[in-house]
Amino acid sequence: MSNSGKSDFFYPKEDVIAQANVNEYEKMYEYSVNDREGFWEEQAETLGWYKKWDNVLDDSDAPHYKWFDGGEINIVHNAIDRHIAGPNRNKMAIIWEGENGQVRNYSYNGLNREVCQFANVLKSMGVNKGDIVTIYMPQIPELVFAMLACAKIGAIHSVVYGGFSTEALASRIDDANSRILITADGGWRRGKQIDLKSIADDAMQRTPSIEVCICVKNNQLEVEMEPARDFWLHDLKSLPIASSQCETEHTGAEDPLFILYTSGTTGKPKGMLHTHGGYAVYTSTTHRMAFDIKPQDRWWCAADPGWITGHSYIVYGPLINGATIMLYEGAPNYPYPNRWWQIVEKYGINILYTSPTAIRGLMRFGDRWPKKHDLSSLRLLGSVGEPINPEAWRWYHHVIGQDKCPIIDTWWQTETGGFMICPLPITPLKPGSAAKPFFGNEIGLIDEDGNDTPLNEEGKLIIKNPWPGMARTIFKDKERYADLYWFKQDNDQWYYLAGDSAKIDEDGYIWVIGRMDEVLKVSGYRLGTSEVESALVSHPKVSEAAAVGLPHELKGNAIHTFVILKEGIVPNQALEIELKAHVGGEMGKIAVPELVEFVTVLPKTRSGKIMRRVLKARALGQDEGDLSTLEE
Ligand code: WT7
């Protein structure tokens, strides 16, 4: 997809350069990597701290780095408290639109009231500092309130994406051993009510740890409420204990803020753990510099708060920066394919940040839908989640951005907490490249032997330094975190291995190619082949299964599965449909395979590992490569 080096530059317009928050890259970059701690200390000083740190970076236990240790901060103090004490008090913090057209607005002051009440409700349910609260919600303001309420009292949130289903939710509750679940009766999608509470009920059946379930009323679904376990939020909020005042807990910079599960190469999803201090510094700095955020800006990150993109760039980064954030619950093309463009026009959105999948999906409906609307409020556009193909980039730039909005293509991961590679608004752009490292980061590419890859050749993407937004560990598995992500180079330096492959061209532009491991990016969502396989194998008729990702025009990758049935079971189309529905029921719609192919054997190594590479090559009609490890 990338045509590295050959493409022409797109130069930013003068007015973009004139008003940029950062108007020079090279010198500042050099400074930021030569004096990394100095650079990050300056950024940290822009935030509110209860107590200053002892050390900017503590690398005594590398690769378990600590940032701003000894400091006391609460991310909510920065995202809310500081604003309501100053001129942002009555500024709009959240504009929410539901799919059915319902609108709710919250000023920073209003947001504070909601978060305080929610925090008091959590306290009354016995939630203490350090407890893990699981949140499973549709895209409604209460999802944001719940996250901030946890952070405010020093509890740790674990948000499970509302599109996931029973098993995905149950296994995450289990791993976190959560005592409290926050959910809603349901959500809306394409005019239909999605019954979240009953999925939550099934998940609670499968795991013993939940003692209290707080349910938000969001639609008209009849739900079952189990006495003494399930409570309506509106009932709890009407109790005297739920006052709209609540002290923000003083947390340590290195105290956990949240865990967020993400798919890895093997086994169950890993709970990536992020902390209050470094994460606050990193998300706000990257957001302010890469997206040039201004006090009057209306910022729309059209992701779900349930993924890292939403954590970092719907909730924390933008609120710390005092922006007005847009939230929309619903499908981009409901009731018509102009829904998003209508929102941009109606609310005067200045910056839109979305995924290549969404762009391709909307591009498919043609130019006439965006052309119905005045999109002139847009100043910058963003992309995230997978490489953006140059056609989609050009459409986004020309039709949506009207040739005047730079496209900020941001490469990062759940593990990195924030942008690692991205242009600034002043950076000349090449469609399909995420451009250059963000400040403080040194990016490299290495081959199988650990040597630097030559220009324009594919290599494994590594980050040669720690950064404040990095995940601190995999929840409950410090060793696995170090083993999976960090390795020591001959020069005694610790390097972070991203799991992606990439190229760097003669201009220093980085072209990310994609995952090298068993992680799939389907419509920008991250899934593990092993999770799809386990979901299939949990069906009583399935004996073995393998999943691979194959290129797909809209989704980037689509899941193809190969299934061996149990003895005596006859494959047919009805069973194929049943298996797809089963995966949907266990994992959620995003994991439903595009294709279920029935086979009698799977290619395996002598040690019994499925050779997905071989399956993929066969499906694509390509050379199967080295088969020397294939079992007879
Ligand atoms: C993986 C991380 C980070 C927010 C959303 C995804 C891929 C992400 C880009 C980009 C090319 C990208 C990588 C990465 N990816 N952004 N701009 N260009 N690839 O977070 O779910 O943890 O997925 O997404 O493969 O490793 P995530």
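Note that these values count all heavy atoms, side chains included, but never hydrogens, waters or copies made by symmetry.
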Could you tell me whether [X] and [Y] have a side-chain N and a carboxylate O separated by less than 4.0 Å?
X      : Y      : result
Asp54  : Lys66  : no
Glu247 : Lys123 : no
Arg206 : Asp202 : no
Arg612 : Glu533 : yes
Asp175 : Lys476 : yes

Looking just at side-chain N and O atoms, do [X] and [Y] make a donor-acceptor pair shorter than 3.5 Å?
X      : Y      : answer
Tyr485 : Gln413 : no
Tyr313 : Thr410 : no
Thr248 : Asn74  : no
Ser355 : Thr357 : no
Ser263 : Glu531 : yes

So [X] and [Y], would you call those rings parallel, tilted or perpendicular, with 30° and 60° as cut-offs?
X      : Y      : answer
Phe439 : Phe39  : tilted
Tyr29  : Tyr25  : parallel
Tyr279 : His274 : tilted

- Task: Could you check Ile443 against Ile463 for side chain to side chain contact (heavy atoms under 4.5 Å, CB included), going step by step and ending with a plain yes or no?
- Result: CA-CA 5 Å; Ile443 306 285; Ile463 301 159; 3.8 Å; yes
- May I ask you to check if Arg172 and Phe164 form a cation-pi contact, with NZ or CZ under 6.0 angstrom from the six-membered ring centre and within 45° of the axis? yes
- Task: Name all residues meeting the salt bridge (Lys or Arg N to Asp or Glu O under 4.0 Å) criterion together with Arg472; count only those two or more places apart in sequence or in a different chain, and write none if there are none.
- Result: Glu254
- salt bridge (Lys or Arg N to Asp or Glu O under 4.0 Å) against Asp292, all qualifying residues, sequence neighbours excluded: Lys294
Between the side chain of [X] and the main-chain N/O of [Y], is any donor-acceptor distance below 3.5 Å?
X      : Y      : result
Tyr282 : Phe419 : yes
Asp517 : Val519 : yes
Asp447 : Thr453 : no
Trp67  : Met470 : no
Asn465 : Gly440 : yes
Asn557 : Lys521 : yes

Is the distance between the ring centroids of [X] and [Y] under 6.0 Å?
X      : Y      : value
Trp49  : Phe68  : yes
Tyr525 : Trp307 : yes
Trp494 : Tyr65  : no

- Sequence neighbours excluded, the answer for ring-ring contact (aromatic ring centres under 6.0 Å, His included) partners of His311 is His157, Phe258
- Please name all residues satisfying ring-ring contact (aromatic ring centres under 6.0 Å, His included) with Phe487, sequence neighbours left out, ordered by chain then number. Tyr495
Taking atom [atom1] as the centre, does [X] end up with more than 12 heavy-atom neighbours from other residues, nucleotides or ligands that are less than 6.0 angstrom away?
X      : atom1 : result
Lys51  : NZ    : yes
Lys268 : NZ    : no
Glu479 : CD    : no
Lys129 : NZ    : yes

- Among all residues two or more places apart in sequence or in another chain, which pass the side-chain contact (heavy atoms from CB on, under 4.5 Å) test with Lys478? Asp61, His64, Thr473
- Query: Within a strict 4.5 Å, meaning less than it, do heavy atoms of the Trp40 and Leu57 side chains meet?
  - Reply: no
- With Thr207, which of Thr134, Asp174, Asn177 fulfils side chain to side chain donor-acceptor pair (under 3.5 Å)? Asp174
- Item | Test side chain to side chain contact (heavy atoms under 4.5 Å, CB included) applied to Asn78 and Ile73, Asn321, Thr46, the passing residue | Ile73
- Message: Arg613: which residues meet the side chain to side chain donor-acceptor pair (under 3.5 Å) condition with it, sequence neighbours left out?
- Response: none
